[in-house]
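Structure first, commentary second.
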Amino acid sequence: MPVEIPEIITVTSQNVGPTVAILAGVHGDEYEGVIAALSLARSLPKELISGTVMIVSPANVTAWQNCNRISPIDGANLARVFPGSQNGSATEQLAHAITEQVIKVADVLIDLHSAGTNFEMPFLCGFHAGSHSWCKESERLANVFNAYFTWHHNGEPDYGRSLTVAYEQQIPAIYVEGHGGRSIKKTDLDGYTAGVRRVLQDLKMLSAAPNTTHDSIQVFGDGNTDAGLVTTIDGYLVTRVKVGDRVSTGEVIAEIIDISSVVLMTLYATQTCYIMLFRRDAKVSTGDTICITANELR
C-alpha cells in the first residue's frame, strides 16, 4: 500500500506576515487536534489579517482512517521517524514530505496531539526550553497559548519528533496534549482552538482571540511518553489519584493488584509533583508505563 500524503490546507492573508504550521493527527487515534485544526481551517479565511497558516489535519491519513497510533502500512510511529526519508518506508516518506513541505517553510510550528487510546493526560502545552532564541520564543508562545499546564522540557527534543526538526531548523515550536481516550472533552476542544487563536493574535495575524480564564500551572520534566514509572509485575492497575493532581512525597499514586485484589506493588510519589499521564488499561504487564509526573516550576 503506497503512502498517502495528506492535504495541506493553506490560508493566506493579503498582508505580509509569518507562516504558522499546524499539524494534527500525527497519531490516528487522537481526535481533538484534528477537529480543532479543521475548525480553524473553516474559520480562518475570513479572519486572517496577515501571514499564512498551513494546516495538515489529519497528518497521518491511513492511521486516522484505522483509528490507530501507528501506521497500518508499515507499523511505524510517525512521531518517531521525523525528518523521515524520501526513499524510506511509507511512514518515513510521509515524515519527509511534511518536513520539507510544511515544517521547514514555517516560522512557527504548533503540533496538536492528545493522549490517544492508551493514556490520559491533562490539557497542556509543552515546549523545549533553552538559551537559544527559538527556545525562548517557544516558551513565550507556550505561555500565550495558556493551556491548563505549561510543560517545560530542558534540552533538545528526542529524535524523531516534529519538534526535533523545528529545533534543528531553529523554528519556535510548541505541542499540545489533551485527555484523549477516543473521547472529546468540550473544554479541551475549545482550549485547542482558543490557544491557537491567542498565538495567532500575538503574532499579529488575528485581530482578536479569546481571553485567558486561568493561570497556567508551570511544570518541568522529561515528558517522554515512552518512559515514566513502570510496573515490575503483571496485574491490574488501581489508581489512587487522577491526571492533573498534585501529589506529595510518599503519597500512594497507584497499586498493582492480582485478580483477587491482593496488592502486589505500590507506587509512591518520590517527591511533590503533578500527575501528567496515566495508563488507561487496568491490565498491565511487567515493564508497562503506569504514569509520568512533572515537577512544579517555581
Side-chain angles (χ1 to χ4, degrees), residues 1-11 20-44 53-84 89-103 106 108-121 123-126 145 147 157 160-166 173-186 188-197 199 225-226 280:
M1 183 185 295
V3 62
E4 185 170 354
I5 302 299
E7 177 186 5
I8 302 172
I9 302 171
T10 302
V11 182
V20 174
I22 301 174
L23 302 183
V26 167
H27 294 130
D29 62 344
E30 299 176 1
Y31 300 159
E32 300 94 326
V34 171
I35 294 171
L38 293 179
S39 172
L40 289 163
R42 177 170 49 84
S43 60
L44 285 178
V53 178
M54 302 175 68
I55 298 172
V56 186
S57 176
N60 197 339
V61 177
T62 52
W64 173 263
Q65 292 170 343
N66 287 268
C67 193
N68 204 321
R69 180 175 174 83
I70 62 175
S71 169
I73 302 174
D74 56 11
N77 182 343
L78 176 57
R80 300 295 181 271
V81 301
F82 281 99
S89 69
T91 302
E92 290 172 333
Q93 291 178 45
L94 174 56
H96 178 267
I98 294 172
T99 295
E100 297 299 321
Q101 298 176 36
V102 181
I103 300 176
V108 172
L109 171 65
I110 304 174
D111 196 347
L112 303 177
H113 285 265
S114 74
T117 304
N118 298 323
F119 299 102
E120 182 180 9
M121 302 181 77
F123 175 46
L124 67 91
C125 183
F145 189 97
R161 276 64 165 175
S162 64
L163 266 67
T164 309
V165 176
I174 59 176
Y175 75 95
V176 181
E177 299 281 5
H179 286 81
R182 299 192 187 184
S183 62
I184 302 171
K185 293 183 180 294
K186 176 66 171 172
D188 281 2
L189 191 60
D190 289 348
Y192 280 53
T193 55
V196 171
R197 287 178 180 278
V199 169
T225 56
D226 294 333
R280 287 186 183 273

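FYI, the numbering just counts along the sequence from 1. Since the model is a prediction, treat every value here as computed from it, not as a measurement.
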Counterpart residues, salt bridge (Lys or Arg N to Asp or Glu O under 4.0 Å), relative to Glu100 (two or more places apart):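 Lys104.
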
Beyond-backbone contact of Val199 with Ile110, side-chain heavy atoms, under 4.5 angstrom: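 A side-chain contact exists here, since the closest heavy-atom pair is under 4.5 Å.
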
Side-chain heavy atoms of His179 within contact of Met121, under 4.5 Å: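 SC-SC contact between His179 and Met121 ruled out.
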
Give me the atom names and distance for the closest heavy-atom approach of [X] to [Y].
| X | Y | answer |
| --- | --- | --- |
| Val56 | Pro6 | CG1-CG, 3.5 Å |
| Ile98 | Ala59 | CD1-CB, 4.0 Å |
| Leu163 | Ala173 | CG-CB, 3.7 Å |
| Met54 | Thr10 | CG-OG1, 4.3 Å |

For [X], check side chain to side chain contact (heavy atoms under 4.5 Å, CB included) against everything at least two apart and list the hits.
| X | result |
| --- | --- |
| Ile184 | Tyr31, Glu32, Ile35, Leu189 |
| Asn66 | Asn68, Pro72 |
| Glu92 | Val81, Ser85, Ser89 |
| Ser43 | Glu47, Arg197 |

Test item: Glu177 side-chain N/O and Phe123 main-chain N/O as donor-acceptor pair under 3.5 Å: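 No: the side chain of Glu177 does not pair with the backbone of Phe123.
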
With [X] via side chain to side chain donor-acceptor pair (under 3.5 Å) - residues at least two apart:
| X | value |
| --- | --- |
| Ser162 | Asp111 |
| Tyr192 | none |
| Arg42 | none |
| Asn118 | none |

Nearest-0.5 Å distance that lies between atom CG in Asn60 and atom CD1 in Ile73: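 Separation between the atoms: 8.0 Å.
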
Leu124 CG to Tyr175 OH distance, which is reported to the nearest 0.5 Å: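 The CG atom of Leu124 sits 5.5 Å away from the OH atom of Tyr175.
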
Set of ring-ring contact (aromatic ring centres under 6.0 Å, His included) partners for Phe82, sequence neighbours left out: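 In terms of ring-ring contact (aromatic ring centres under 6.0 Å, His included), with neighbours along the sequence ignored, Phe82 is linked to no residue.
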
Side-chain donor-acceptor pairs under 3.5 Å in residues 20-29, sequence neighbours left out?
unit_1: His27; atom_1: ND1; unit_2: Glu30; atom_2: OE2; d: 2.9
unit_1: His27; atom_1: ND1; unit_2: Arg69; atom_2: NH1; d: 3.4
unit_1: His27; atom_1: NE2; unit_2: Asn77; atom_2: OD1; d: 2.8
unit_1: Asp29; atom_1: OD2; unit_2: Thr117; atom_2: N; d: 2.9
unit_1: Asp29; atom_1: OD2; unit_2: Thr117; atom_2: OG1; d: 2.7

Worked check of side-chain contact (heavy atoms from CB on, under 4.5 Å) between Ile70 and Thr91: CA-CA 9 Å; Ile70 62 175; Thr91 302; over 6 Å; no

